[in-house]
Q: 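After the structure tokens below, expect a handful of questions from me.
Position 1 is the first residue of the sequence, and the numbers go up from there.
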Amino acid sequence: MTRKTQTKGSCVFCGRKMTRSGLAKHLASCPQRQAAIQAANEGPGAAQRLYHLQVQDAWSGDFWLHLEMNGLATLADLDHYLRAIWLECCGHLSQFSIGGWSGREIGKKRRADQVFKPGVVLTHIYDFGTSSETLIKAVDVREGKPLTRHPIYLMARNDIPQVECQVCGQPAAYLCRECMYEEGASGFLCEQHVADHPHEDYGEPIPLVNSPRLGMCGYDGPAEPPY
């Protein structure tokens, strides 16, 4: 069996490109990150616990984030961040739990320093109809001053996965939702074959965006960090 190629992304501090697991280790010792931490610690404000969170799409694992979350920030802050960077389409309900759909729900008023303990993996579910599920775990924690005034800081993110046009096999740039839902095809189309694509019952083909919610419900991006 051919092993699936893991998506890569870049460290925001030094630009080094690695896999999700590689960046989990790299960020702990990245010299440029250590310099940023030192500069923050010399500035104003109070020190606190800061959690390195590894966040990934529960289904494919192609989409992932490495975040640093303020220990005093709440799960409501994390929910807002995930909606902004990955998920928001129609104002759906969401929840955090330990153990997925049938697990124990964790209230959004809980702080990061009350939730993230060794071995704990949170599941975030957005939209209880066409659901997007995200797995979140703390891979490290440090004592110090935050790198940003916001509750969450983006340290790394996957590059958009490369997919092939269903017609010619060239790199795709669009998704036809009708092909995906009604025809059982991938729905991915290149610039050439999107021009005269016949399907429109689900609307025109949409540009690919770096989000696990691509093609679901009314989501069409853009999937950009909120800060």
Q: Which pairs count as salt bridge (charged side-chain N to carboxylate O under 4.0 Å, His left out) when at least one residue sits in residues 84-101, sequence neighbours excluded?
A: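 Non-adjacent pairs meeting salt bridge (charged side-chain N to carboxylate O under 4.0 Å, His left out): R83-E88.
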Q: Given the rule that I, L, V, M, F, W and Y join up when any side-chain heavy atoms are under 4.5 Å apart, are L65 and V139 in one cluster?
A: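 No; V139 is not reachable from L65 via cluster members.
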Q: Please determine which of K137, R20, H66 meets the side-chain contact (heavy atoms from CB on, under 4.5 Å) test together with Q56.
A: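 Testing Q56 for a side-chain contact (heavy atoms from CB on, under 4.5 Å) against K137, R20, H66 leaves exactly one candidate, R20.
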Q: Test of understanding: clusters of I, L, V, M, F, W, Y form through side-chain heavy atoms closer than 4.5 Å, transitively. Do I125 and Y219 belong to the same one?
A: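 Each belongs to a different hydrophobic cluster.
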Q: Is there a side-chain contact between D113 and L72 (heavy atoms, below 4.5 Å)?
A: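 In contact.
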Q: If hydrophobic clusters are built from ILVMFWY residues whose side chains come within less than 4.5 Å, do W101 and I106 share one?
A: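 In one cluster: no.
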Q: State which residues pass side-chain hydrogen bond (donor to acceptor under 3.5 Å, both in side chains) with T7; sequence neighbours excluded, sorted by chain then number.
A: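 Expected list: W64.
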Q: Measure the shortest side-chain to side-chain distance between L67 and M69 over non-hydrogen atoms and say whether it is less than 4.5 angstrom.
A: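 The answer is no; the side chains never approach within 4.5 Å.
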Q: Side chains of residues 197-207: which donor-acceptor pairs under 3.5 Å do they make with residues two or more places apart or in other chains?
A:
from, atom 1, to, atom 2, distance (Å)
H197, NE2, H199, ND1, 3.4
Y202, OH, E182, OE2, 2.4

Q: Salt bridge between K108 and D77, side-chain N to carboxylate O under 4.0 Å?
A: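 Salt bridge flag = no for D77 with K108.
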Q: In Å, rounded to the nearest 0.5 Å, how long is the span from NE2 of H80 to OG1 of T74?
A: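 Atom-to-atom, H80:NE2 and T74:OG1 are 11.0 Å apart.
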Q: Hey, is the main chain of A39 close enough, under 3.5 Å, to the side chain of E42 for a donor-acceptor pair?
A: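 No; judged by distance alone, with no hydrogens or angles, the pair does not exist.
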Q: Are Y153 and F13, when compared by the centres of their aromatic rings, separated by less than 6.0 Å?
A: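 Between F13 and Y153, which both carry aromatic rings, the centre distance is below 6.0 Å.
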Q: List in chain and number order the residues that pass side-chain hydrogen bond (donor to acceptor under 3.5 Å, both in side chains) with R33, two or more places apart in sequence or in another chain; answer none if no residue qualifies.
A: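 Counting only residues at least two positions away or on another chain, R33 forms a side-chain hydrogen bond (donor to acceptor under 3.5 Å, both in side chains) with E68.
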Q: Check ring pair (Phe, Tyr, Trp, His ring centres under 6.0 Å) between F188 and all other residues, then give those that pass, not counting sequence neighbours.
A: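 None.
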Q: Among residues at least two apart in sequence or on other chains, which ones pass side-chain hydrogen bond (donor to acceptor under 3.5 Å, both in side chains) with Q170?
A: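 Per chain and number, Q170 pairs via side-chain hydrogen bond (donor to acceptor under 3.5 Å, both in side chains) with no residue.
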Q: Just wondering, do L175 and M180 contact through their side chains at under 4.5 Å, heavy atoms?
A: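 Yes, close enough: below the 4.5 Å cut-off.
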Q: I need the L147 CG to M155 CE distance, nearest 0.5 Å.
A: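 L147 atom CG to M155 atom CE measures 8.5 Å (nearest 0.5 Å).
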Q: Report yes if some heavy atom in the side chain of Q6 is under 4.5 Å from a heavy atom in the side chain of S21; otherwise report no.
A: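 Yes, close enough: below the 4.5 Å cut-off.
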Q: Is any side-chain heavy atom of L50 closer than 4.5 Å to one of P146?
A: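 The answer is yes; the side chains approach within 4.5 Å.
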Q: Could you grab the distance from atom CG of N158 to atom CG of D57, nearest 0.5 Å is fine?
A: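 Output value for this atom pair is 9.5 Å.
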Q: Please tell me if the side chains of M216 and S132 come closer than 4.5 Å, counting only heavy atoms from C-beta onward.
A: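 Yes, close enough: below the 4.5 Å cut-off.
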Q: If Ile, Leu, Val, Met, Phe, Trp and Tyr residues are connected whenever their side-chain heavy atoms lie under 4.5 Å apart, and connections chain through other members, are L189 and V163 in the same group?
A: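 As far as the 4.5 Å side-chain criterion goes, V163 and L189 are not connected within one cluster.
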Q: Would you say the side chain of C11 lies within less than 4.5 Å of the side chain of L27, judging by non-hydrogen atoms?
A: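 In contact.
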Q: Is there side-chain contact between I136 and H124, with heavy atoms separated by less than 4.5 Å?
A: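 They are in contact (side-chain heavy atoms under 4.5 Å apart), so the answer is yes.
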Q: Tell me the closest heavy-atom pair linking R213 and L87, and the distance in Å.
A: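 Looking at all heavy atoms of both residues, the shortest contact is CD-O, 3.1 Å.
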Q: Rounded at 0.5 Å granularity, tell me how far CZ in R110 sits from CG in L122.
A: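 One finds 9.5 Å between CZ of R110 and CG of L122.
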Q: Tell me whether Q162 at atom CD has more than 12 heavy atoms from other residues, nucleotides or ligands lying less than 6.0 Å away.
A: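 Incorrect, the count does not exceed 12.
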